Amino acid sequence: MSRFDSLAPALAAAAPEREVWWVGEEAMAWRESFIELLRSARSPKAHASTPEDCPQSWRIHLHRRDTLSLPRQPIHGRENGGRSPALVIWAVPSEGIAELVDRIGEARRCRPGYEHLTAGLVSPVERTVLFEVGVRAHLQGPRHWRLHARLLGG
Amino acid sequence: MRSGTLPRLLESTAACLWLIDSAGEIVYLSPAMRLWLGIETDLPARVADSLILDRAALRTGDAFRGHVTQRLHVPLEIAGDGDRNSAAEPRTAVAHFVVLENLSAAQGTGDSPPAGPPGMILGCLGNYLADTEIPWQDWFGVQGVRQSAKLDEELARFRGRQKRHANLLLAGTSRPSRRLRGRVELACNIRSHIGLIGPPGCGAAEIAAMIHHDSAPGEPLVILDASLMDAELLEVYAAPVIAELREQAETTGTLCLDHLDEMPVDAQTRLSEWLAAWPQRLRLIGIRRDTAHRGDTSVPLEESLADAMEVFPIEFPPLAARQDDLELIASGLARSTRISREAIDWLRSYPWPGEWDELTGAIQFAVEIVAGDRIGREHLPLAIRSYRRPQSSGSHVSSSDGVITVGPRPVSPHDFQIDSLDDVLSQYESKLIERAMIAADGNKAEAARRLGISRSRLLRKLSDGGVG
């Protein structure tokens with residue numbers, strides 16, 4: 001092994017930034033625990049084996065549901081360079097999920113390339129509906145983030 | 001007969017409730033329950049026996065469920081008659097039992113409201129109500145009823161759009177599409193386990209939903225990403241189907257599991273137990289990637305799951321093998337917007353590595369940016385309109401002046417193409433730095449001199465990942 005081999009990690013390409021769109025003003029406890037998870041040693045990045053496996057840093061965009069404007073994501077296989085897709089985390093409104101279902105469906109149709117998650121209290125039937133319209137994971141409790149560490153890149 | 005603060009909370013309801021302590025004794029009966037039993041004084045022993053739950057019923061195999069629903073047969077006691085009246089027909093009702101000890105354990109986390117002492121079981125009488133019998137407005141208010149109706153409407157609209165997309169995915173006259181359509185149409189007419197296999201983004205989720213709604217309309221469906229499930233999460237998320245199967249002898253249900261080939265082993269074991277427990281009533285629709293696209297995260301399927309996936313496998317052909325169908329499919333996706341002949345040619349020559357998802361995304365993109373009612377080549381995403389089909393590397397035959405030459409195709413200046421100039425330059429630079437570091441035996445100052453750059457610039461390149 002040459003002395004240069006030990007420098008290989010330093011030569012590796014810089015890990016990309018992972019972007020998250022947090023939509024809605026509810027579920028503040030979920031948001032705080034999500035940020036806390038990223039900051040803490042239990043962050044998914046702490047479990048990654050190589051820098052490419054997980055994002056080095058996270059950028060969280062906060063949006064209201066009615067003003068959400070998602071940028072287009074690369075949908076071509078070579079364009080995103082194998083990076084994990086950007087996340088959209090929808091806070092569940094207290095008055096019901098009907099409007100949320102509509103907005104998630106619209107976002108998935110018009111802006112493909114995102115992973116969609118929901119956070120907040122819903123009934124089992126509502127959760128089933130959310131999964132049917134394309135939500136990959138639902139966070140029923142603020143402390144459930146680590147159950148989905150794999151989705152976050154860990 | 002009363003213990004703790006829980007009975008005081010329970011007394012505020014008009015429900016038929018009772019509490020069973022850890023010793024199996026009934027420690028509380030709500031007034032409504034006393035009225036239902038027709039009891040004014042102490043609870044007769046044989047009535048009490050009929051209300052007590054055998055704790056073994058709370059377990060399924062090794063799994064502790066924490067709740068169970070049973071049919072009760074309560075002997076009728078006639079007021080004023082101290083003797084047993086064995087001739088009277090017992091009263092029958094559906095009872096739900098919930099163990100409160102789990103709630104007590106969770107109390108320390110602050111996630112749950114206060115509950116009764118550990119080991120207590122709460123019993124409650126109640127029959128299942130059909131949707132039409134539920135007093136929605138009384139229970140949920142006018143706003144709640146409106147929300148429910150709106151949710152039904154949104155869901156119906158989503159399903160309609162999804163079915164339209166699924167039909168478009170199956171459209172076409174090419175042989176692969178006819179074969180796929182035939183398999184899917186057959187699957188829509190029978191209720192069996194289905195294994196969908198295809199490249200990522202092939203639209204299998206839309207087809208899975210279509211098959212379910214056509215083959216078992218109204219049957220409960222839970223769609224999950226299997227790669228994210230461990231046994232515990234699977235139990236919770238699949239509950240709308242699994243709980244019904246446990247508690248209703250006649251019901252059926254479907255689990256649709258995406259990324260089934262990445263399902264963790266413990267979740268596979270739980271799923272296999274369910275399939276063994278309800279072989280006919282639980283239907284599985286699994287979506288797996290084809291062998292060409294299985295990665296490091298792929299997990300071998302347990303035998304029973306692999307068998308279930310072989311009952312009715314449907315393989316999705318790559319979109320690139322359906323070039324003849326692309327005009328029809330793209331026109332359907334674009335709806336009222338027309339697609340020019342030139343754009344169709346570009347769609348047909350593109351290899352579609354992202355499959356169906358990429359096609360729908362590309363047409364959506366074009367429809368959004370087109371100003372008129374006709375999509376041209378310039379409206380397609382850059383990846384498609386800049387794609388050049390690789391030239392064949394096979395033998396080349398040429399003839400001139402009566403001489404026929406067979407050999408490799410001569411390289412043309414027009415053949416030149418690289419994926420990314422930055423990537424190539426970066427790789428080349430990394431190799432030069434590596435050679436310089438080896439030549440300088442790891443001495444960075446010497447390596448910088450050999451490369452003709454300053455030491456600080458070399459250090460910056462090393463720390464930046466070697467990209468100049």
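Owing to the predicted nature of the structure, the values given are computational and were not obtained by experimental measurement. To find a chain, count down the sequence lines: A is the first, B the second, and so on, and within it residues start at 1.
- To the nearest 0.5 Å, atoms CG (A:Leu147) and CE (B:Met229) are separated by 9.5 Å.
- One distance of note links OG1 of B:Thr360 with CZ of A:Arg109; it measures 10.5 Å at 0.5 Å rounding.
- For B:Leu151 against A:Ala98, the heavy-atom pair with the smallest separation is N-CB, 3.6 Å.
- Heavy-atom distances place both the backbone and the side chain of A:Glu95 under 4.5 Å from chain B.
- In terms of heavy atoms, B:Gly361 sits closest to A:Pro112 at CA-CG, 4.0 Å.
- If you take CD on A:Glu126 and CD on B:Gln147, they are separated by 8.5 Å, rounding to the nearest 0.5 Å.
- The number of heavy atoms from other shown groups lying within 6.0 Å of CZ (B:Arg435) does not exceed 12.
- Looking at every heavy atom in both residues, B:Leu221 comes nearest to A:Thr128 through O-CG2, 3.1 Å.
- Classification of B:Glu368 and A:Arg72 as a salt-bridged pair holds, one side-chain N sitting under 4.0 Å from a carboxylate O.
- Between chain A and the options B:Val241, B:Val367, B:Val236, B:Asp152, heavy-atom pairs under 4.5 Å are most frequent for B:Val236.
- Here the straight-line distance linking atom CG of B:Leu233 with atom CD of A:Gln140 works out to 11.5 Å at 0.5 Å rounding.
- Looking at A:Val133, the atoms closer than 4.5 Å to chain B (heavy atoms on both sides) sit in the backbone and in the side chain alike.
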>> Using side-chain contact (heavy atoms from CB on, under 4.5 Å), reason through A:Arg136 and B:Asp258 one step at a time and then give a plain yes or no.
In response: CA-CA 10 Å; A:Arg136 254 195 106 186; B:Asp258 199 358; over 6 Å; no

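- Only the side chain of B:His259 comes within less than 4.5 Å of a heavy atom in chain A; its backbone stays farther off.
- For B:Gln364, the part sitting under 4.5 Å from any heavy atom of chain A is the side chain, from C-beta outward, and nothing else.
- Chain A forms the most heavy-atom pairs under 4.5 Å with one residue out of B:Ser227, B:Cys256, B:Ser148, and that residue is B:Ser227.
- Across all their heavy atoms, A:Pro124 and B:Pro240 have their closest contact at O-CG, 3.9 Å.
- Neither the backbone nor the side chain of B:Glu206 comes within contact range of chain A; no heavy atom of the residue lies under 4.5 Å from a heavy atom of that chain.
- For the pair B:Glu154 and A:Arg103, the salt-bridge criterion is not met [side-chain N within less than 4.0 Å of a carboxylate O].
- A donor-acceptor pair under 3.5 Å is absent between the side-chain atoms of B:Tyr237 and the main chain of A:Arg127, judged by distance alone.
- With respect to A:Glu132 and B:Arg159, a salt bridge is recorded, a charged nitrogen being found less than 4.0 Å from a carboxylate O.
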